[in-house]
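Scroll down for the structure; my scribbles are underneath it.
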2 protein chains.
Amino acid sequence: MKLTRGGEYGIRGMLYLAMQPEASVTLLSEISTAQNISESYLAKIFQTLTKAGLVRSHRGFKGGYSLGRPADEITVKDIIEGIEGPIALNHCAQKVSNCSEEYRCKIQNVWKDAQDAMVGVLDGTTLADLVEETAMGQS
Amino acid sequence: MKLTRGGEYGIRGMLYLAMQPEASVTLLSEISTAQNISESYLAKIFQTLTKAGLVRSHRGFKGGYSLGRPADEITVKDIIEGIEGPIALNHCAQKVSNCSEEYRCKIQNVWKDAQDAMVGVLDGTTLADLVEETAMGQS
DNA sequence: CCAAACAGGACAAAAACTGTCCTCTTCGTT
DNA sequence: AACGAAGAGGACAGTTTTTGTCCTGTTTGG
């Protein structure tokens, strides 16, 4: 019932990207240093984020990473699911539930409702929101 | 970001108890058979539930388990936390957060909000609700 | 006193998480 | 064209968590 460290790293890394000047490319080593995250592990996470299209990678000399979409079109839910896969509080709450038809599990609705409530928050918060929040806190 | 199988077993087991005649004592073996759960594993879970006061154990001959409180005073959240410990989406969302003061994490609020939304649902649903739901479904 | 039934600890297999390392590919610079 | 910076990707390993099993002890009604 908790976010993995990988998921947290991904969000922190992407938030760092979102705070950089637009259209800039940032070194992975800079991100890992700034966020105090193991570089080799963060590399793995960013590879996953790249495949999910949330981040754009630039290989070779002067390479690095930039956001794959505008910051206000990337939600916290996007990032978590990009790294950890679809959110499912338990198997009963999955999109394609494997609860047998005959066994109409009474608890199923609770998982669905709880999950929807949580996902609603995560999907309603974008990287842009988080950056803005920071700016407001500083003013 | 998901419920453990142990948590699910605990809820299914307690829901079974809640559907028994009031003040009756039910054999662990009956619960495990009815719910198709390994008896020795379920034993461990019920030991935990007993220590949490959610279930009352009756040792010795003619022993078994009964609910520790009325079914309408036991929430799904109670059971999950009884088995898995306090719900914390991540360390930032814990009661006593270990996020350092200086590092005012912008994401902290998101975890808090998402967790509160989820826990709200789990804490708003009692075993009695689930039993009732079943009865309504059958009518 | 006996046998049923829970309590609790030790142990272990499996899975997931967290991380490292090495090689390959890409690409700007010179 | 060659070099070196930097991401891609696979293999591997340590740790933790989960998911159990098993054995011995303790309680208690009959």
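Since the structure is predicted, the reported quantities are computational estimates derived from the model, not experimental observations. The sequence lines fix the lettering, A, B, ..., with proteins before strands; numbering per chain opens at 1.
When each of A:Phe46 and A:Met1 is assigned the nucleotide of DNA chain D with its nearest heavy atom, A:Phe46 is the one assigned upstream, toward the 5' end. The nearest heavy atom of DNA chain D to A:Leu27 and to B:Arg5 marks one nucleotide each, and the one closer to the 5' end goes with A:Leu27.
Of the residues in residues 47-56 of chain B, not one places a heavy atom less than 4.0 Å from an atom of DNA chain D.
When heavy atoms are screened at a 4.0 angstrom cut-off, A:Ser57 is found touching the sugar-phosphate backbone but no base atom. B:Ser38 comes within contact range of the sugar-phosphate backbone alone, with a heavy-atom separation under 4.0 Å but no base atom that close.
Between B:Lys44 atom NZ and C:dA12 atom P there is a gap of 15 Å when expressed in whole angstrom units. The separation between A:Leu28 atom CG and C:dC21 atom P is 15 Å, rounded to whole Å. Spacing between atom CD1 of A:Ile37 and atom P of C:dG19 amounts to 9 Å, rounded to whole angstrom units. Nucleotide C:dT18 holds its P atom 11 Å from the CG atom of B:Asn90, rounded to whole Å. Atom-to-atom, CD1 of B:Ile45 to P of C:dG8 comes out at 15 Å; the value is rounded to the nearest Å.
For A:Phe61, the ring-ring contact (aromatic ring centres under 6.0 Å, His included) criterion is met by no residue, not counting sequence neighbours. By the side chain to side chain contact (heavy atoms under 4.5 Å, CB included) test, A:Lys77 pairs with A:Thr75, A:Glu81, A:Ile87, A:Val119, A:Leu122, A:Asp123, sequence neighbours left out. In terms of the side chain to side chain contact (heavy atoms under 4.5 Å, CB included) criterion, residue partners of A:Ala128 (sequence neighbours excluded) are, by chain and number, A:Ala71, A:Asp72, A:Thr126. Residues meeting the side chain to side chain contact (heavy atoms under 4.5 Å, CB included) test with B:Ser24, sequence neighbours left out: B:Gln20, B:Pro21, B:Thr26. Take B:Ser66 and apply the side-chain hydrogen bond (donor to acceptor under 3.5 Å, both in side chains) test, not counting sequence neighbours, and it matches B:His58. Remark: A:Lys112 engages A:Asp116 in a salt bridge (Lys or Arg N to Asp or Glu O under 4.0 Å) (not counting sequence neighbours). In this structure B:Glu84 satisfies the side chain to side chain contact (heavy atoms under 4.5 Å, CB included) test together with A:Met1, B:Leu3, B:Thr4, B:Ile80, sequence neighbours excluded.
Put simply, the side chain of A:Gln35 never gets that close to the backbone of A:Gly13: no donor and acceptor are under 3.5 Å apart.
Residue pairs meeting the ring-ring contact (aromatic ring centres under 6.0 Å, His included) criterion with at least one member in residues 62-83 of chain A, sequence neighbours excluded, are A:Phe46-A:Tyr65. Judged as a ring-ring contact (aromatic ring centres under 6.0 Å, His included), not a single pair has a partner in residues 12-34 of chain A (not counting sequence neighbours).
Scanning DNA chain D 5' to 3' for nucleotides with an atom closer than 4.0 angstrom to a non-hydrogen atom of chain A gives a first and last hit of D:dG4 to D:dA11.
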- [ ] Spell out protein contact along nucleotides 22-30 of chain C as letters: B when the base is contacted, S when just the sugar-phosphate is, - when no protein heavy atom is under 4.0 Å; keep the 5' to 3' order.
- [x] ---BBBBS-
TODO: Mind running side-chain contact (heavy atoms from CB on, under 4.5 Å) on A:Arg12 and A:Ile37 for me, showing each step along the way?
DONE: CA-CA 9 Å; A:Arg12 294 201 354 229; A:Ile37 298 171; 3.8 Å; yes
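For C:dC17, neither phosphate oxygen OP1 nor OP2 lies less than 4.0 angstrom from any side-chain nitrogen or oxygen of A:Tyr41.
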